[in-house]
Amino acid sequence: MELGIKDRAALVTGASRGLGRAVAERLAREGTDIVINARSPDVLDATARDIAHATGRRVVAVAGDVADEGFCNDLAGRAASELGRLDILVANAGGPPPGGVDDFTPAAYRRALDLNLMSTVQLTLAALPEMRRTGWGRIVAVTSVAVKQPVNGLLLSNTARPGVVGFIKTISRDLAAEGILCNVVAPGFIHTARVDSLMEARAGQRGVTRGDVLERITDDIPAGRMGTPDEFANAVVFLASEAASYITGHTLQIDGGMVQGLL
């Protein structure tokens, strides 16, 4: 399928590894130039070099914390300046720490909201002027299946991420007529270092092996396995493309059929 994004310009956050990196590389393979962001400059710079070498596209690394409003404004401006335009925003940030009701103070909830909700709001508002200038845009916010079904042991994520859906669903109505389409992706268990760390934590809490935890997880996935970052990236890049020109305000589960709700 021709996705129609060759020579477009994208900004992908949380892109030094895992899901964000997979998305950035897939966008570059479709002919998109990219600014990638994460907090760790050394890992981010290495990722930028690897993707540029593999794809021949321009990849610019800008390290910083998307929980900071001022940095989000600077990041979107830098992306437009470096690439000459900004067509695609993939708003992605790492999840907050695992835990339950007795594990966190109100300050931890505020940090989770800054990381997982306000970062999306701030990046979107910063990117919109450039998308409006060209009359074309794609905003894809990365959340979790927690927006449809809370995940045991991830209270902060379950609390912060649903707000992203409310924000994206609402602005999608305002922006569709301007050629700017806004969607959410809700990954389930995709095999990344983050998921590995969560499995290790669960194993320790329950006094079982990591293999036992993996078996219990995959028993609840109709596909019978975890997804791969590349499979996740394929779905995100489709939503970020011209091919998805009549899809907006949607939350797409990428979970191998794990969440069984009708909507």
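All values below were derived from every heavy atom in this structure, side-chain atoms included, with hydrogens, water molecules and symmetry-related copies excluded. Residue numbers run from 1 in the order of the sequence given.
Between Gly14 and Asn92, the shortest heavy-atom distance links the atoms O-ND2, 3.1 Å. Thr120 approaches Ala141 most closely through the heavy-atom pair CG2-CB, 4.0 Å. Annotation for Ser241 and Ile5: closest pair CA-CG2, 3.6 Å, computed over non-hydrogen atoms. Of all heavy-atom pairs between Leu175 and Cys182, the closest is CD1-SG, 3.8 Å. The heavy-atom pair separating Val66 from Ser119 by the smallest distance is O-CB, 3.3 Å. What you find for Pro96 and Asn116 is that their closest heavy atoms are CD-OD1, 2.9 Å.
Leu123 has its side chain within reach of Leu89: a pair of non-hydrogen atoms, C-beta onward, lies under 4.5 Å apart. Looking only at side-chain heavy atoms (C-beta outward), Glu69 and Met118 stay at 4.5 Å or farther from each other. With contacts defined as side-chain heavy-atom distances shorter than 4.5 Å, the pair Ile247/Leu239 qualifies. Looking at Val90 and Leu11, their side chains never come closer than 4.5 Å, going by heavy atoms from C-beta outward. Within the 4.5 Å cutoff, the side chain of Val151 has no heavy atoms near those of the Ser157 side chain. Counting heavy atoms from C-beta outward, Phe232 and Pro229 have side chains that stay 4.5 Å or more apart. At a threshold of 4.5 Å between non-hydrogen side-chain atoms, the residues Arg8 and Leu3 do not count as touching. Between Pro187 and Asp255, every side-chain heavy-atom pair lies at or beyond the 4.5 Å cut-off.
Seen from the ring of Trp136, Arg85 does not count as a face-on cation partner, given the 6.0 Å and 45° thresholds.
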Which atom pairs, one a donor and one an acceptor, fall under 3.5 Å between side chains of residues 98-115 and the rest of the protein, sequence neighbours left out?
residue	atom	partner	partner atom	Å
Asp103	OD2	Gly100	N	2.6
Thr105	OG1	Ala107	N	3.4

Inset, instruction - List the steps and the verdict of salt bridge (charged side-chain N to carboxylate O under 4.0 Å, His left out) for Asp212 and Arg206. - result: CA-CA 10 Å; Asp212 292 332; Arg206 298 174 183 179; over 6 Å; no
Inset, instruction - Given salt bridge (charged side-chain N to carboxylate O under 4.0 Å, His left out), test Lys6 with Asp33 step by step and report yes or no. - result: CA-CA 9 Å; Lys6 188 175 187 302; Asp33 294 324; over 6 Å; no
Inset, instruction - Run the numbers on Met226 and Leu214 for side-chain contact (heavy atoms from CB on, under 4.5 Å), then give the verdict. - result: CA-CA 9 Å; Met226 288 191 187; Leu214 177 60; 3.5 Å; yes
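Identified under the salt bridge (charged side-chain N to carboxylate O under 4.0 Å, His left out) test for residues 219-228, with sequence neighbours left out: Arg225-Glu231. Under the salt bridge (charged side-chain N to carboxylate O under 4.0 Å, His left out) criterion, the residue pairs touching residues 128-145 are Glu130-Arg133, Arg132-Glu178, Arg138-Glu242, with sequence neighbours excluded.
Tracing side-chain contacts under 4.5 Å through hydrophobic residues (I, L, V, M, F, W, Y), one never reaches Ile88 starting from Leu75; they form parts of separate clusters. One hydrophobic cluster holds both Val237 and Val142 under the rule that ILVMFWY side chains link at heavy-atom gaps under 4.5 Å. At a threshold of 4.5 Å between side-chain heavy atoms, the hydrophobic network of Ile, Leu, Val, Met, Phe, Trp and Tyr places Leu19 and Leu44 in one connected group.
Only one option out of Val35, Ile36, Asp74 pairs with Val62 in a side-chain contact (heavy atoms from CB on, under 4.5 Å); it is Val35.
With values rounded to the nearest 0.5 angstrom, Phe167 atom CZ is found 7.0 Å from Ile139 atom CD1.
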